[in-house]
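Down below is the structure, laid out as C-alpha cells.
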Amino acid sequence: MKAFIRKNPVLAYLCVAFGFSWSSWSILLVTTPPAVLQKGPPPLFFVFAALGGIGPSLAGILITAFIDGVSGVGTMFARVKLLKGGIHWYAASLFISPIAAFATLVTESVLGKETASRKEELDTLPLSVIFPIFAALGEEFGWRGFLLPRVQLHYSALNSSILVGLTWGLWHIPTQVIAWRQDGLFAIASNVFVSHVVGITAQSIVMTWIYNNTKQNILPMIMMHYSITFTAMFMFPLTVPAFGIIQHWLIYDAFYWLVAAIIIARSGPEYFIRGQDKKHWA
C-alpha cells in the first residue's frame with residue numbers, strides 16, 4: 001500500500017477525496033426527501049453536507065503526511081501567505097465572481113428573464129455567509145494545495161486547470177443529485193454539465209492564473225473559493241426552478257469564460273505568467 005501511494009499519489013488522493021465525500025453525501029441521499037434544499041433542510045443535513053465537503057482537503061493533508069511526513073504538511077500550510085504577491089491578486093480573488101454574477105443578473109433583467117427576488121436572496125444570506133467557509137477550507141488544501149501543483153509538473157497551466165476543473169466539477173455530482181432529483185435525471189445532468197463542468201472549468205483557469213502569479217499561495221485560493229460559493233448561494237438561490245438556475249449558469253459561465261479567454265490570450269497557456277518561466281512560481 002505504501003509503495004502504491006508513493007508511486008501514484010494523485011490516484012490515491014482522488015480515491016480518498018471522492019470516497020470520503022461521496023460516502024458522507026450518500027447518507028443524505030438515503031435519509032432526506034427530494035427537494036429538501038428548497039423546503040429548508042434540518043440542521044443535521046448541514047453536518048453531513050459539511051462533512052462530505054472536507055474530503056478534498058482531508059485527502060490532500062493525509063496523502064501529503066503519508067508521503068512527506070509532518071514536515072510536508074507544514075510546508076503545505078506555510079503556503080497560506082498573507083498579502084504575498086500583491087493586494088490586487090486578493091481583490092481579484094474576492095470580486096471576480098460577484099462582478100460576473102452581477103453582470104449575469106443585469107443581462108437577465110435586460111432580456112426579461114426570471115431572477116430571484118431580493119427577499120429570496122436575503123433569506124439565504126446567513127447560510128450564504130457561513131457555509132462557504134467550510135467549503136473553501138474543506139476543499140482548497142486538496143484541489144490547489146495538493147492536486148494542482150502535482151498536475152502542473154507534467155502539464156501546462158491551461159491543461160492542468162482543465163484537468164483539475166473537471167475533477168473538481170465531477171466531485172460535486174452527489175450534491176446535484178440531492179439538489180435536483182425531484183426534477184428528474186435531465187435536470188440533474190444539465191446542472192452538472194452547465195455549472196459544474198463548463199462553469200467550474202473556467203473558474204479553475206482563473207484560479208490557476210492567480211495561484212501561479214502569487215507563487216502557489218493558497219490563501220487567495222481559499223478567498224476565491226469562498227467568493228465563488230457565496231456568490232452562487234446568495235445570488236442564484238435554489239428557490240429558483242432547476243431550469244431557471246441553468247439559465248443563470250449559462251450567462252454566468254459566459255462571463256467567466258470571457259475572463260479565462262483574456263487570461264489565456266494575455267498570459268499564454270503554458271504558465272499563465274506574462275514574460276516569466278516556470279521558475280517564477282515553482
- [ ] Just do the side chain to side chain contact (heavy atoms under 4.5 Å, CB included) check on Trp180 and Leu185 with the steps written out, would you?
- [x] CA-CA 8 Å; Trp180 303 114; Leu185 182 60; over 6 Å; no

Would you say the ring centers of [X] and [Y] fall short of 6.0 Å from each other?
X: Phe131; Y: Phe230; answer: no
X: His172; Y: Trp22; answer: no
X: Tyr211; Y: Phe272; answer: no

Rounded to the nearest 0.5 Å, what separates atom [atom1] in [X] from atom [atom2] in [Y]?
X: Ile173; Y: Asn191; atom1: CD1; atom2: CG; value: 12.0 Å
X: Ile251; Y: Thr107; atom1: CD1; atom2: OG1; value: 6.0 Å
X: Ser267; Y: Leu158; atom1: OG; atom2: CG; value: 11.5 Å
X: Ile162; Y: Thr167; atom1: CD1; atom2: OG1; value: 11.5 Å
X: Tyr13; Y: Ile61; atom1: OH; atom2: CD1; value: 10.0 Å
X: Ser21; Y: Ile54; atom1: OG; atom2: CD1; value: 8.0 Å

Less than 4.5 Å apart, any side-chain heavy atom of [X] and any of [Y]?
X: Ile99; Y: Phe102; result: no
X: His225; Y: Pro132; result: no
X: Met207; Y: Val164; result: no
X: Met233; Y: Thr124; result: no
X: Met76; Y: Ile218; result: yes
X: Leu219; Y: Leu82; result: yes
X: Leu148; Y: Met221; result: no
X: Leu105; Y: Glu121; result: yes

If you take all heavy atoms of [X] and [Y], which pair is closest and at what distance?
X: Ile210; Y: Ala92; answer: CD1-CB, 4.1 Å
X: Ile200; Y: Gly165; answer: CG2-O, 3.4 Å
X: Met235; Y: Ala101; answer: SD-CB, 3.4 Å
X: Gly53; Y: Trp25; answer: N-CZ2, 3.7 Å
X: Ile63; Y: Pro9; answer: CG2-O, 4.0 Å
X: Thr64; Y: Gly60; answer: OG1-O, 2.6 Å

TODO: Assess whether side chain to side chain contact (heavy atoms under 4.5 Å, CB included) is satisfied between Trp209 and Ile264, documenting all intermediate values.
DONE: CA-CA 9 Å; Trp209 169 62; Ile264 296 166; over 6 Å; no

[X] side-chain N/O to [Y] backbone N/O, donor-acceptor pair under 3.5 Å:
X: Gln176; Y: Val192; result: no
X: Tyr155; Y: Ser161; result: no
X: Ser156; Y: Glu270; result: no
X: Arg266; Y: Arg274; result: no
X: Ser227; Y: Met223; result: no

Task: Steps toward side chain to side chain donor-acceptor pair (under 3.5 Å) verdict (Thr32, Arg181) - done: CA-CA 11 Å; Thr32 58; Arg181 56 189 157 150; 3.0 Å; yes

Same cluster or not: are [X] and [Y] linked, directly or through other Ile, Leu, Val, Met, Phe, Trp or Tyr residues, by side-chain heavy atoms under 4.5 angstrom apart?
X: Val194; Y: Leu258; result: no
X: Ile87; Y: Val206; result: yes
X: Ile130; Y: Met224; result: no
X: Phe255; Y: Ile262; result: no
X: Leu14; Y: Leu58; result: yes

Assess the side chains of [X] and [Y]: does a donor N or O sit below 3.5 Å from an acceptor N or O?
X: Ser160; Y: Arg150; answer: no
X: Tyr256; Y: Ser97; answer: yes
X: Glu139; Y: Trp171; answer: no
X: Tyr271; Y: Asn213; answer: no

Open item on the list: Run Val198 and Trp257 through side chain to side chain contact (heavy atoms under 4.5 Å, CB included) and show every step you take.
Closed with: CA-CA 9 Å; Val198 177; Trp257 272 105; 3.5 Å; yes

Open item on the list: Can you confirm whether more than 12 heavy atoms, excluding those of Phe193, are under 6.0 Å from its CZ atom?
Closed with: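 12 or below, so no.
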
Open item on the list: Counting only heavy atoms from other residues, nucleotides and ligands, does the tally under 6.0 Å from CZ of Phe18 exceed 12?
Closed with: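 Atom CZ in Phe18 is packed in, count exceeds 12.
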
Task: Result of checking Ile96, Thr208, Ile228 against Gln203 for side chain to side chain contact (heavy atoms under 4.5 Å, CB included) - done: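 Single pass found, and it is Ile228.
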
- [ ] Would you mind telling me which of Ile246, Asp183, Ile245 makes a side chain to side chain contact (heavy atoms under 4.5 Å, CB included) with Ser190?
- [x]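 The option that passes is Ile246.
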
TODO: Over 60° means perpendicular and under 30° means parallel, so classify the ring planes of Phe77 and Phe141, tilted if in between.
DONE: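 Geometry flag for Phe77 against Phe141: tilted rings.
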
Open item on the list: side chain to side chain contact (heavy atoms under 4.5 Å, CB included), that's the test. Do Thr104 and Phe236 meet it? Break it down for me.
Closed with: CA-CA 10 Å; Thr104 298; Phe236 306 144; 4.1 Å; yes

Task: Test: Arg144 cationic atom under 6.0 Å from Trp168 six-membered ring centre, within 45° of axis - done: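 Yes - Arg144 lies over the ring of Trp168, closer than 6.0 Å to its centre and within 45° of its axis.
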
